[in-house]
Number of protein chains: 2
Amino acid sequence: MSKTDHLFRRTTNEILRYIADHVPVGAPAPTENFLAAHCGVSRSPVRTALAHLGERGIIGGGGQARIVARHPRAEDYFDDVAMGPRADHIEKVFMDLVLRQELLPGQRFSEAELARRAGSSTTAVREFLIGFARSGLIAKKPQGSWRLQAFDRRFATELADMRDMLETQAVTRFAGLGPDDPAWAAIGGLIARHRALLAALAGGTGHYKDFSALDRDFHNIIINAMDNRFVREFYDVVSFVFHYHYQWERKGERARNIVALEEHLRILEALDRRDAPEAARRLAEHLATARSTLLDSIEGMGEGIGEEPEEDGHERPVVSRPLMASR
Amino acid sequence: MSKTDHLFRRTTNEILRYIADHVPVGAPAPTENFLAAHCGVSRSPVRTALAHLGERGIIGGGGQARIVARHPRAEDYFDDVAMGPRADHIEKVFMDLVLRQELLPGQRFSEAELARRAGSSTTAVREFLIGFARSGLIAKKPQGSWRLQAFDRRFATELADMRDMLETQAVTRFAGLGPDDPAWAAIGGLIARHRALLAALAGGTGHYKDFSALDRDFHNIIINAMDNRFVREFYDVVSFVFHYHYQWERKGERARNIVALEEHLRILEALDRRDAPEAARRLAEHLATARSTLLDSIEGMGEGIGEEPEEDGHERPVVSRPLMASR
DNA sequence: CTGTTGGTTTATACCGATAATAAACAACAT
DNA sequence: ATGTTGTTTATTATCGGTATAAACCAACAG
């Protein structure tokens with residue numbers, strides 16, 4: 001087959017919504033260009049969508065002067081728009097396997113199997129895996145199969161080390177930002193959001209997703225002070241790991257979140273006062289607790305397969321075959 | 001078509017060499033298992049190779065008791081073994097385009113075009129590009145085409161920043177290594193190699209490749225003290241950039257190399273004396289000169305296309321679309 | 001002359017099929 | 001029993017082909 005037509009589907013739905021909301025029956029339909037801009041796509045999917053709507057009798061008078069013939073009913077909408085591009089879907093399937101522990105850390109798995117599960121071809125899976133390997137969570141040997149990296153103490157330590165280094169550096173950079181840098185303004189907003197969420201948590205409302213989003217924004221602001229693409233790249237990995245990891249390490253979640261938020265707050269307030277050394281100290285605290293929660297939760301989980309018997313003594317650094325074509 | 005058969009070809013050649021060197025005519029041929037181990041592959045390519053040699057009359061008596069019928073002649077060897085797996089070949093073609101400046105930084109390019117040049121299918125190219133994007137040298141927009149990142153002052157600065165951070169940290173780690181860590185032993189060897197190359201350069205012999213290899217080893221030893229997969233991953237990128245970059249920035253090469261080697265030496269000697277603070281100071285020096293040479297050489301080169309007109313205001317962080325399927 | 005729609009061309013994102021490899025198993029010889 | 005080779009199966013690396021999306025150009029209306 002070919003490309004997924006999720007753009008077409010999504011576009012169709014958006015057009016329908018737009019018509020229902022803004023265009024009375026009998027009025028001329030919006031122009032193709034307008035709809036394309038509105039949906040953020042090129043004209044091609046808009047045109048196929050429009051043709052589709054023509055066939056379903058929602059839009060009449062093909063050609064220059066299209067007319068809205070009737071308003072859409074519920075069954076005119078596509079209902080499976082959730083599924084984005086193939087890679088996104090495959091990622092979901094894959095992470096689902098990981099989180100259900102059907103795939104254990106250290107274990108091998110095959111493209112074919114994943115393809116069956118995801119209901120797509122091996123090519124699509126393969127391309128997803130190659131890209132996903134950036135995360136350091138999976139690796140493959142030159143001719144061999146894929147393997148889920150052991151998500152163990154060592155992995156966590158390496159991740160945390162790197163994180164410490166980057167964030168520490170980032171905070172000192174932050175202090176050096178120009179006085180009218182927009183980042184300073186963002187801090188105020190963050191402080192408010194932190195206080196709000198803390199209050200909500202104390203009151204029993206507010207839950208994981210809010211924390212997760214806020215946590216992410218907090219670290220992103222810090223990290224962006226470095227304005228460095230390599231740092232950001234690495235941070236994508238960090239966020240990813242934390243995101244999925246927390247999803248199944250739930251016990252004591254509320255308490256942990258509260259601690260984290262308070263620590264964030266102290267850092268933010270210090271920054272807000274332009275007190276860089278204090279911010280650095282508070283950050284160090286925060287990183288320490290973050291590290292230990294991560295390590296604790298890892299101790300708790302299943303061991304996985306662990307290291308495989310290293311069949312030839314010098315297993316490649318595993319994450320990455322080097323970029324350079326050597327040999 | 002299918003997989004490339006470079007393993008088969010390489011294996012054939014290695015078997016021929018082995019026979020020529022170690023097995024007299026008329027003697028029984030080595031066993032399949034032995035040859036497989038010798039060449040570091042599985043039995044399959046060995047068997048196809050053996051069959052091939054049978055057809056060419058080099059090995060007689062098919063079956064259990066294979067006999068070497070005659071020694072190989074020059075034309076029995078495959079001559080295009082150089083070409084490794086597709087990805088390696090594509091990488092060569094691609095970097096060639098970049099270095100010849102047929103592809104300018106900031107410019108778009110298409111999978112199809114690269115496929116034509118490399119003589120392979122778009123799938124192969126696509127998979128190469130996805131993996132190669134880790135380097136941060138290319139990026140692609142969600143539905144759009146690929147683009148060679150501007151290799152400009154900013155790129156270099158970000159790279160150097162990251163490098164400084166990592167190596168500085170690495171050196172302090174190094175000092176904390178156990179007294180019988182093998183790394184200490186490696187230092188002695190490195191010092192010797194540095195002195196030798198310096199002497200050779202003074203005498204007019206010795207050239208780029210030697211320096212490049214030595215430089216790489218030096219930094220690898222430092223970096224490996226961190227024993228961190230993410231750091232190593234990033235370092236693959238650094239080595240890659242430097243490797244290719246130096247290949248076309250040749251003026252003043254000898255002088256630069258000599259300076260670098262001397263700086264390395266001072267660091268190594270300090271480490272050898274277990275004088276960590278001094279090593280750190282010297283490292284800082286070295287990083288500073290490395291940074292400025294890199295920046296200088298960038299000033300010198302063509303400007304490329306530069307930033308494109310940012311059609312929608314919030315062009316994605318460009319290097320990486322985030323790992324998480326969001327939306 | 002600006003904005004609209006209708007075609008056309010090129011490129012990407014997939015799929016299905018196939019050769020090359022790896023891995024496992026069976027048969028056999030020493 | 002252990003090590004051979006022959007056979008089968010599973011999986012990767014690759015290709016060619018196709019539907020969708022983007023970009024371009026022409027025709028035309030206000």
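Just so you know, these numbers come straight off a predicted model, no measurement behind them. In what follows, every chain begins at residue 1, and chains take the letters A, B, ... in the order their sequences are listed.
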Can you tell which of dC15(D), dA22(D), dT5(D) lies closest to the side chain of Arg43(B)?
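Closest nucleotide among those given: dT5(D).
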How long is the line joining [atom1] of [X] and [atom2] of [N], in whole Å?
{"X": "Phe109(B)", "N": "dT10(C)", "atom1": "CZ", "atom2": "C1'", "value": "16 Å"}
{"X": "Arg47(A)", "N": "dA21(D)", "atom1": "CZ", "atom2": "P", "value": "14 Å"}
{"X": "Lys140(B)", "N": "dA22(D)", "atom1": "NZ", "atom2": "P", "value": "13 Å"}
{"X": "Leu114(B)", "N": "dT10(C)", "atom1": "CG", "atom2": "P", "value": "18 Å"}
{"X": "Leu7(A)", "N": "dC14(C)", "atom1": "CG", "atom2": "C1'", "value": "14 Å"}
{"X": "Trp146(B)", "N": "dA22(D)", "atom1": "CH2", "atom2": "C1'", "value": "17 Å"}
{"X": "Asp5(A)", "N": "dT18(D)", "atom1": "CG", "atom2": "P", "value": "18 Å"}
{"X": "Phe128(B)", "N": "dT12(D)", "atom1": "CZ", "atom2": "C1'", "value": "19 Å"}

Strictly distance-based, threshold 3.5 Å: is any side-chain N or O of Asn13(B) a donor or acceptor partner for the main-chain N or O of Tyr77(B)?
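Such a contact is absent between Asn13(B) side chain and Tyr77(B) backbone.
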Say whether, by atom type as modelled, one donor and one acceptor occur between the side chain of Glu14(B) and the main chain of Cys39(B) under 3.5 angstrom.
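Looks like no, no N/O pair under 3.5 Å.
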Residues Arg134(B) and Glu233(B) bridged, charged N to O under 4.0 Å
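Yes, charged N to carboxylate O under 4.0 Å.
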Could you check whether Glu32(A) pairs with Arg66(A) (Lys NZ or Arg NE/NH1/NH2 to Asp/Glu carboxylate O, under 4.0 Å)?
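Here Glu32(A) pairs with Arg66(A) in a salt bridge, since their nearest N and O are under 4.0 Å apart.
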Verify the contact: side-chain N or O of [X] to OP1 or OP2 of [N], cut-off strictly under 4.0 Å; return yes or no.
{"X": "Arg108(A)", "N": "dT11(D)", "value": "no"}
{"X": "Asn33(B)", "N": "dT5(D)", "value": "no"}
{"X": "Ser42(A)", "N": "dA22(D)", "value": "yes"}
{"X": "Thr4(B)", "N": "dT14(D)", "value": "yes"}

Tell me which one of His71(A), His52(A), Arg70(A) satisfies side chain to side chain donor-acceptor pair (under 3.5 Å) with Asp76(A).
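When side chain to side chain donor-acceptor pair (under 3.5 Å) is applied between Asp76(A) and each of His71(A), His52(A), Arg70(A), only Arg70(A) qualifies.
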Any donor-acceptor pair, under 3.5 Å, between the side chain of Ser44(A) and the base of dA22(D), if you only look at N and O atoms?
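In this structure, the two groups form a donor-acceptor pair.
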Just distance, no hydrogens or angles: give the donor-acceptor pairs under 3.5 Å from side chains in residues 15-31 of chain B, sequence neighbours left out.
unit_1, atom_1, unit_2, atom_2, d
His22(B), ND1, Tyr18(B), O, 3.4
Thr31(B), OG1, Asn33(B), N, 3.2
Thr31(B), OG1, Phe34(B), N, 3.0

List in numerical order all residues of residues 115-123 of chain B for which some heavy atom is under 4.0 Å away from an atom belonging to DNA chain D.
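The answer is Ser120(B), Ser121(B), Thr123(B).
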Taking only heavy atoms on the protein side, list every residue of residues 11-23 of chain A lying under 4.0 Å from any atom of DNA chain D, sorted numerically.
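Heavy-atom contacts with DNA chain D come from no residue of residues 11-23 of chain A; none.
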On the 0 to 90° scale, with breaks at 30° and 60°, tag the Phe132(A)-Phe240(A) ring pair as parallel, tilted or perpendicular.
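The arrangement is perpendicular - the two ring planes meet at more than 60°.
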Toward the 5' end of DNA chain C, by each residue's nearest nucleotide, Glu111(B) or Phe8(B):
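Its nucleotide being nearer the 5' end, the pick is Glu111(B).
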DNA chain C: 5'-proximal contact among Ser110(B) and Gly40(B) (nearest heavy atom)
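Result: Ser110(B).
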Between Phe230(A) and Phe234(B), does a ring pair (Phe, Tyr, Trp, His ring centres under 6.0 Å) hold up when you go through it step by step?
CA-CA 8 Å; Phe230(A) 303 104; Phe234(B) 172 73; 5.3 Å; yes
